[in-house]
Amino acid sequence: MAVGQTLSKNCNCSSREKAMVSKSHSQAGRVWPQQIPSKQLAMRTTARQCALQAARLIAPARLPPIIPNGILPYESVPTPSDDKSSLLTSQIHDYIDAKHKETQVGDIFRDQLGHVKGLWLSNPGNYQQVFEQEGEFPKSMKPEAWKIYNEDNKCKRGLFFMEGNEWHTCQRIVRPLMLSQKSSYNFGIQLESLANSYVESWGKRKKLRNLEEELYSYFLEGLMVVVFGRNYEGKSKKQIPRLVGGVRGLFTESARMTLYDPYSARKPGYPGHNVWRKFSSSMSGALSAGEDIVNENLKNCESGSLCANLILAGLSISDVKRILIDLFLAAGDTTSHSMQWVFYLISQKLEIQEKIAQEVKQVRGCIHSFTSQIPTLKGAVKEALRLYPVAPFITRVLPHEAIIGNFHIPAETLVFMSTYTSGRDERFFSQPTRFWPERWGRRDSNKQVGVSHPLASMPFGHSTRNCVGKHLALTQMYLLLSKVLESHRVTCDNHEYIQYKMRLLATMNEPLQVTLTGR
């Protein structure tokens, strides 16, 4: 059967795309450029996938895959030859960033770090290709130790761990509820009151020496408001320090576990067994604290809260509990680290603090219109998330053969999108290392001033596997920062330059210390 006949019967692409496929089979040596306009990229990617689909239908399963003309095999993807035996977990982002900047490696390379093999990308054009080919049920990388713990303890987890139809069904319910502005606006007065109470307490003390832990508590309390409503059990607040301690320990021990084979480490006498025991204990403690908070509030959740809406949507109580417990585990760590970087960056730019303070003073109306009136504040948050993303790599597991750049990528390949690198690339951001909140403003042409590709920075991920807590996290960050800068100036008291390091997620190499001075 000819390729054209196969496409006619089995492919939904347009006649122009089919013509492109036929042309690609007749023109030997054609090479697809990596950087092309997005519409052409989408069309050509679709055409290439149709060629792969036709090849799979034509060729017997036992034969090697048929690769479209001009596309290079996976074995041709550059591979660094560095000795990585001394590479520390905290330095992985620096190593990957350096490899991407080498001319012989560049935007696409394959490598193995520890027991993890993968394809590493740093061009948002290639990110777009991945998202277009991730399938109906996108899969991301899960920490191996976490999966083993879940299996050993028969522990059913929330959205992050769900796959296939189960994930698809639950995310279609959870995403609209969490990503709708109503999820935060319904409780806007309570979230604003929460921000005010923290700023009032900080203003009395002036010097903040344990900011990370206080930010943990702030974001977790905000989540409790949205999840359960205004009248969540007061005793649940007493569980927050326990949850914070468990989550912090969990991420610390999870990072240490990456140095060992978790299948072996869980066996007594094997390398890393003591680390496994600490990791397992931290996981159990964090899950137990999250479960206690959910159990205390489940029966009394307020109408309009996330919990009540999930139950109304038809989810079982057991599914509601597992989704909410994982939300509590994920919320505090990611947002508290991000907020620390915001404070750190603005503490070095008093003129930006003054500009934000003036914006906040001019805000009129309720929280519904608040975010449209604070462009510099929003830009400052975006800049911190760009320069210091909590997740420096976005991952996907390709469900089938795909074309990325000029290469044929096998099914089940683990792909790492290096947003730490692309977020600091001068091709996508003017003056990329500069903290410049105004870069996110719009010109008359509606293009952003200093941003040339929207996917170069993805602090909350992308597509249907993105962070469902994005809107709530940003709302809480905007509220807290506006309340702080409206009444105070922020200065950093750390004597050394704070560095970005990996601890499963990215964080600071030392606690941030700040002083608040009243205006």
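We use all heavy atoms of the structure for the numbers below, so side chains are in, but hydrogens, waters and symmetry mates are not.
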Query raised in the report: Parallel, tilted or perpendicular: which fits the ring planes of Phe131 and His462, with parallel below 30° and perpendicular above 60°?
Result: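 Tilted: the ring planes of Phe131 and His462 meet at 30° to 60°.
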
Report task. Can you label the angle between the Trp202 ring and the Tyr198 ring as parallel, tilted or perpendicular, going by 30° and 60°? Result ->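 Correct class here is perpendicular.
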
Within the side chain of [X], is there an N or O that forms a donor-acceptor pair under 3.5 Å with the backbone of [Y]?
X: Thr335; Y: Ala331; answer: yes
X: Asn123; Y: Asp107; answer: no
X: Gln373; Y: Val360; answer: no
X: Asp425; Y: Thr421; answer: no
X: Ser305; Y: Ala308; answer: yes
X: Ser281; Y: Arg277; answer: no
X: Ser452; Y: Phe428; answer: yes
X: Ser122; Y: Ser418; answer: no
X: Arg439; Y: Ser430; answer: yes
X: Asn494; Y: Glu496; answer: no

Query raised in the report: What residues, two or more places apart in sequence or in another chain, satisfy ring pair (Phe, Tyr, Trp, His ring centres under 6.0 Å) together with His488?
Result: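 His488: no ring pair (Phe, Tyr, Trp, His ring centres under 6.0 Å) contacts found.
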
Query raised in the report: Going by atom types only, do Ser284 and Tyr149 share a side-chain donor-acceptor pair under 3.5 Å?
Result: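 There is such a pair (donor and acceptor under 3.5 Å, judged by atom type) between the side chains of Ser284 and Tyr149.
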
Requested in this report: Consider only side-chain N and O atoms of Ser463 and Arg396, and report whether a donor and an acceptor are under 3.5 Å apart.
Outcome: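 Judged by distance alone, the side chains do pair up.
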
Report task. Go through the steps for Tyr95 and Asp111 under the test side-chain hydrogen bond (donor to acceptor under 3.5 Å, both in side chains), then give the verdict. Result -> CA-CA 11 Å; Tyr95 168 80; Asp111 204 351; 2.7 Å; yes

Query - CZ (Arg172) with more than 12 external heavy atoms under 6.0 Å - result: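 Count not over threshold, so no.
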
Query raised in the report: At their closest point, which heavy atom of Gly222 faces which heavy atom of Gln476, and how far apart are they?
Result: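 In terms of heavy atoms, the two residues are closest at CA-NE2, 3.4 Å.
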
Query raised in the report: Is the distance between the ring centroids of Tyr127 and Trp120 under 6.0 Å?
Result: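 No, too far apart.
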
Query raised in the report: Ring centres of Tyr500 and Tyr420 under 6.0 Å apart?
Result: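 Yes: the rings meet the under 6.0 Å criterion.
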
Regarding [X] and [Y], does a basic nitrogen lie under 4.0 Å from an acidic carboxylate oxygen?
X: Lys483; Y: Glu192; answer: yes
X: Asp94; Y: Lys501; answer: no
X: Arg266; Y: Asp152; answer: yes
X: Lys139; Y: Glu134; answer: no
X: Arg209; Y: Glu214; answer: no
X: Arg322; Y: Asp326; answer: no
X: Lys278; Y: Glu253; answer: no
X: Glu359; Y: Lys378; answer: no
X: Arg489; Y: Glu354; answer: yes
X: Glu486; Y: Arg519; answer: no

Does NZ or CZ of [X] fall inside the cone over [Y]'s six-membered ring, less than 6.0 Å from its centre and within 45° of the axis?
X: Arg424; Y: Tyr388; value: yes
X: Lys142; Y: Phe160; value: yes
X: Arg386; Y: Phe429; value: yes

So how far is it from [X] [atom1] to [Y] [atom2], rounded to the nearest 0.5 Å?
X: Met458; Y: Ser422; atom1: CE; atom2: OG; answer: 6.5 Å
X: Gln353; Y: Ser347; atom1: CD; atom2: OG; answer: 7.0 Å
X: Lys156; Y: Ile323; atom1: NZ; atom2: CD1; answer: 11.0 Å
X: Leu504; Y: Ile92; atom1: CG; atom2: CD1; answer: 9.5 Å
X: Leu220; Y: Leu215; atom1: CG; atom2: CG; answer: 10.5 Å

Below 4.5 Å, heavy atoms only, C-beta onward: do [X] and [Y] meet side chain to side chain?
X: Val449; Y: Trp436; result: yes
X: Ile498; Y: Asn509; result: yes
X: Thr376; Y: Trp440; result: no
X: Ile374; Y: Val363; result: yes
X: Leu310; Y: Cys307; result: no

Query - Verdict with supporting geometry, Ile311 and Val320, side-chain contact (heavy atoms from CB on, under 4.5 Å) - result: CA-CA 7 Å; Ile311 295 171; Val320 171; 4.1 Å; yes

Report task. Verify salt bridge (Lys or Arg N to Asp or Glu O under 4.0 Å) between Glu163 and Arg465, making sure each step is shown before the conclusion. Result -> CA-CA 11 Å; Glu163 302 289 357; Arg465 271 284 185 186; 3.3 Å; yes

**Report entry** Passing candidate, ring-ring contact (aromatic ring centres under 6.0 Å, His included) with His100, options Phe109, Phe416, Phe393
**Finding:**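 Running ring-ring contact (aromatic ring centres under 6.0 Å, His included) over Phe109, Phe416, Phe393 with His100 returns exactly one hit, Phe109.
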
